[in-house]
Structures are given as C-alpha cells and as structure tokens.
Number of protein chains: 4
Amino acid sequence: MTLQESTRAQLRQFIEQIERLEEEKKAIAGDIKDKFLEAKCQGFDVKAMRTIIAMRKKDSNQRQEEQSILDVYLHALGMLADTPLVEWAQEQEAAA
Amino acid sequence: MTLQESTRAQLRQFIEQIERLEEEKKAIAGDIKDKFLEAKCQGFDVKAMRTIIAMRKKDSNQRQEEQSILDVYLHALGMLADTPLVEWAQEQEAAA
Amino acid sequence: MTLQESTRAQLRQFIEQIERLEEEKKAIAGDIKDKFLEAKCQGFDVKAMRTIIAMRKKDSNQRQEEQSILDVYLHALGMLADTPLVEWAQEQEAAA
Amino acid sequence: MTLQESTRAQLRQFIEQIERLEEEKKAIAGDIKDKFLEAKCQGFDVKAMRTIIAMRKKDSNQRQEEQSILDVYLHALGMLADTPLVEWAQEQEAAA
DNA sequence: TGGCGTATCTTCTTCC
DNA sequence: GGAAGAAGATACGCCA
C-alpha cells in the first residue's frame with residue numbers, strides 16, 4: 001500500500017501543524033510557570049494561589065454543571081411525566 | 001541480558017494475578033451495566049440515575065474536599081501571617 | 001400511591017446496588033494497584049509490565065493492522081529510511 | 001495600608017494573568033483537537049498520527065532503552081518464540 | 001436496528 | 001506522591 005504524493009504532503013502538513021500548535025501550547029505552559037515563579041519571588045504562596053485559581057475555576061464550572069443536572073432532571077421529568085421517577089426527582093430537588 | 005528462571009516465574013505470576021484481577025473488575029463492570037439495563041427496562045431514566053449517583057458520590061467526597069481546602073487555607077494563613085495574602089484569602093472566605 | 005412508593009423503593013434499590021458494585025470495582029482496582037506496587041518493590045519495571053499485559057490483551061491481528069497503517073504513514077514521511085525499524089516493518093507488511 | 005492594597009492588587013493581577021494564559025492554552029488544545037478531527041475527516045488514521053508525533057518527539061535513545069527492557073520481559077515470557085518480532089528484538093539487542 | 005457521532009468514564013502521563 | 005491534563009475505551013442517542 002502506498003499513499004499518493006498529494007496525500008503524503010497533506011499528511012506531512014497535518015503533522016507539522018499539530019506539532020507547531022503543541023509547541024505553542026508548551027510555550028504558554030512555560031509562561032504560566034514563569035508567572036508562578038515571579039509571584040513566588042515576590043513572596044506569594046504558590047500553593048495557595050493554585051488553590052484559589054482552582055476554586056475560581058470550580059465556581060464557574062459549577063454553574064454550568066448545575067444547569068446540566070437541572071437539564072437532566074427536566075428531561076427525566078418530561079420523558080417520565082407519567083412514571084414514578086417524577087416523585088423521587090422532586091423529592092431530591094426539594095432536598096437540594 | 002537474561003532473567004533468572006525464578007525471576008521469570010515471579011514475573012509470570014505477577015502478570016497472571018493482575019490479569020485475573022482485571023477480569024474480576026471487568027465482570028463487575030458488566031454487572032453494573034446489567035443493573036442499568038434492568039433499570040432502564042423498568043422505565044427508569046439511565047442518564048438521570050447516573051447523575052444522581054454522581055451527585056451522591058460528590059456529596060460524600062465533598063466533605064473531605066472541603067476539609068482539605070480549609071486545611072490549605074489554615075496552612076497558608078499560618079505561613080503568611082505577616083503577608084497581604086491573608087487579607088485577600090479572608091475576603092474570599094467571607095465571600096464564600 | 002402504593003405503586004409510586006414501591007417504584008421509589010425500587011429506584012433506591014437500583015441505586016444502592018450499583019453503588020455497592022462500584023465500591024467492589026474500586027476495591028479490585030486497589031488490589032491491582034497494590035500488585036503493581038509489589039512487583040515494583042521487587043525490581044520489576046511497571047511500565048514494561050503494563051505493555052506486556054496490553055499486548056496480551058490485544059488481538060494480534062488488530063495489532064498488525066495498526067502497525068501496517070503506521071508503516072504506511074512512516075514511509076510517507078520518510079521516517080523509515082535507514083533505521084532497523086524498516087526491516088521489521090517490511091516483514092510485517094509481507095506477512096499481512 | 002497603601003502597601004497592602006497595592007500587594008492585593010498585585011496578587012489579583014497575577015491570578016488574572018495566569019487564568020488568561022490558561023484560557024489561551026485551552027484554546028490551543030482545542031485547535032489541536034480540531035486539526036485531528038479535520039485529518040480524520042479526510043481519511044487519515046488519528047491514532048497512527050498520534051503515534052508518529054509521539055515517536056518524533058521521543059528521544060530515540062530512550063526509545064531503544066525501553067524496547068530493550070521490554071524485550072527481556074517478552075523473552076522471559078516466551079512471547080517472542082516463532083514470531084517475526086524475534087528478529088527485530090534481536091537486532092535491537094545487538095545494536096544496544 | 002445498526003452504524004456513527006457524541007459524551008462520559010477510566011486510564012495514563014506529566015508536572016510539581 | 002498527588003493533582004491536572006491528555007488519551008483511550010466504552011456507552012448512549014440519533015438517524016437512516
């Protein structure tokens with residue numbers, strides 16, 4: 001099995017584009033590292049900073065997540081309007 | 001490079017034990033799948049069930065997690081008692 | 001009413017059974033982890049062990065097929081030239 | 001007071017800069033994903049592409065070393081008998 | 001109902 | 001060694 005020349009070129013191009021993007025990503029990861037180092041050198045606690053960032057990320061994710069959960073319930077309620085799962089879901093919502 | 005016969009036997013034994021455990025794990029995964037299927041066949045919404053289970057898991061994990069976060073803050077406050085991070089952390093806690 | 005109550009009980013039972021199975025699964029995963037650790041402590045290379053297990057698991061025909069695709073791509077990129085991998089790749093292709 | 005305020009601002013700035021960099025990183029990760037998808041849609045095998053990229057990235061010396069360890073284990077388990085993999089493994093060992 | 005795309009869950013790796 | 005991210009496997013839902 002052999003690839004057409006044009007296909008080979010295309011493959012090579014994909015590979016190289018992806019490798020470039022990965023380099024960019026790596027460079028940014030380096031920038032982040034540098035930022036933490038810089039902060040550390042000015043007396044900030046890196047571990048605490050990471051915790052703060054994680055919490056802020058979680059807060060913003062949580063809104064989406066809660067919405068998703070709600071969607072699931074709404075869906076379940078819609079699909080099962082005449083089944084007993086409704087009861088239980090409503091209980092859960094009430095408890096939450 | 002060659003391994004001693006006894007070492008080869010030992011390696012083989014480890015591999016086989018692990019493979020057995022993985023089979024057991026897979027069997028249990030199958031049981032779980034069957035349970036979901038059974039529930040589905042009785043009219044329950046599988047996705048909603050998964051969400052509920054995830055929430056219950058999270059609830060129990062969250063207690064530990066919250067404790068961990070608190071520990072980090074306490075640690076950070078202790079380590080940084082004379083730095084301004086304290087202020088901000090306290091702000092964050094107040095907001096939460 | 002009675003139907004609803006019994007169905008709620010049923011749902012609860014499903015959930016609890018599944019949670020129990022997941023705990024078992026998790027316990028076995030822990031056993032596997034312990035086995036690897038034990039092997040590691042006796043000087044075995046865990047990564048190589050994982051590779052062996054994966055290879056044993058994988059269907060050999062599929063492995064060859066994946067290798068064949070890879071060979072074509074490597075060839076297209078000129079990565080096979082002048083390396084010993086060439087020999088083996090050609091053997092594989094011939095066998096396929 | 002003024003010092004504390006300025007330091008708080010500094011901390012906030014660090015956090016926001018880092019969060020911004022993390023968003024950029026995430027965006028690039030998305031671009032990479034898109035590239036793979038694009039390649040896939042044009043008929044390329046994504047898994048093989050990943051393998052090629054990993055191979056190009058990996059230091060070739062290290063690759064040989066890992067292969068040597070693996071060969072020893074495979075040999076110990078008798079998995080090399082009567083297969084063409086034997087040839088290549090022996091070549092590798094000789095070269096190492 | 002059976003492939004196909006999506007999504008979730010798990011596993012593996014990397015970094016700190 | 002533990003957490004974060006990437007990769008792979010698996011399962012669900014849709015559409016034909």
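Sequence lines set the chain letters: A, B, ... in the order given, protein chains first and strands last, and positions in each chain run from 1.
Distance, A:Ile28 CD1 to F:dG5 P: 14 Å, rounded to whole Å. Rounded to an integer number of Å, the gap from NZ of D:Lys35 to C1' of F:dA6 is 20 Å. In this structure, A:Leu21 places its CG atom 15 Å from C1' of F:dA6, rounding to the nearest Å. Across the protein-nucleic acid pair, B:Ile18 atom CD1 and E:dC12 atom P stand 11 Å apart, rounded to whole Å. Rounded to an integer number of Å, the gap from NZ of A:Lys57 to C1' of F:dA4 is 8 Å. Going from atom CE of D:Met49 over to atom C1' of F:dG8 covers 17 Å, rounded to whole Å. For B:Ile32 and F:dT10, the CD1 to P distance is 14 Å, given to the nearest whole Å. Atom-to-atom, CZ of C:Phe36 to P of E:dT13 comes out at 11 Å; the value is rounded to the nearest Å.
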What are the atom names and distances for every N/O pair under 3.5 Å that joins the protein to nucleotides 3-9 of chain E?
none

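The phosphate of E:dC16 has OP1 or OP2 within less than 4.0 Å of a side-chain N or O from A:Lys33.
Evaluation of the ring pair (Phe, Tyr, Trp, His ring centres under 6.0 Å) test over residues 45-73 of chain D, restricted to residues two or more places apart or in two chains, returns none. Screening residues 19-30 of chain C for side-chain hydrogen bond (donor to acceptor under 3.5 Å, both in side chains) gives B:Arg56-C:Glu19, C:Arg20-C:Glu24 as the qualifying pairs, with residues at least two apart or on separate chains.
Applying the ring pair (Phe, Tyr, Trp, His ring centres under 6.0 Å) test to A:Phe14 and every residue at least two apart in sequence or in another chain returns D:Phe44. Evaluation of the side chain to side chain donor-acceptor pair (under 3.5 Å) rule for C:Gln10 yields B:Gln42 as partners, not counting sequence neighbours. Judged as a side chain to side chain contact (heavy atoms under 4.5 Å, CB included), and not counting sequence neighbours, the contacts of B:Gln4 are B:Ser6, B:Thr7.
Here the shortest heavy-atom pairing between C:Ile52 and D:Leu77 reads CG2-CD1, 3.5 Å.
Nearest-nucleotide assignment on DNA chain F puts the 5′-proximal partner with D:Thr51, out of B:Ala29 and D:Thr51.
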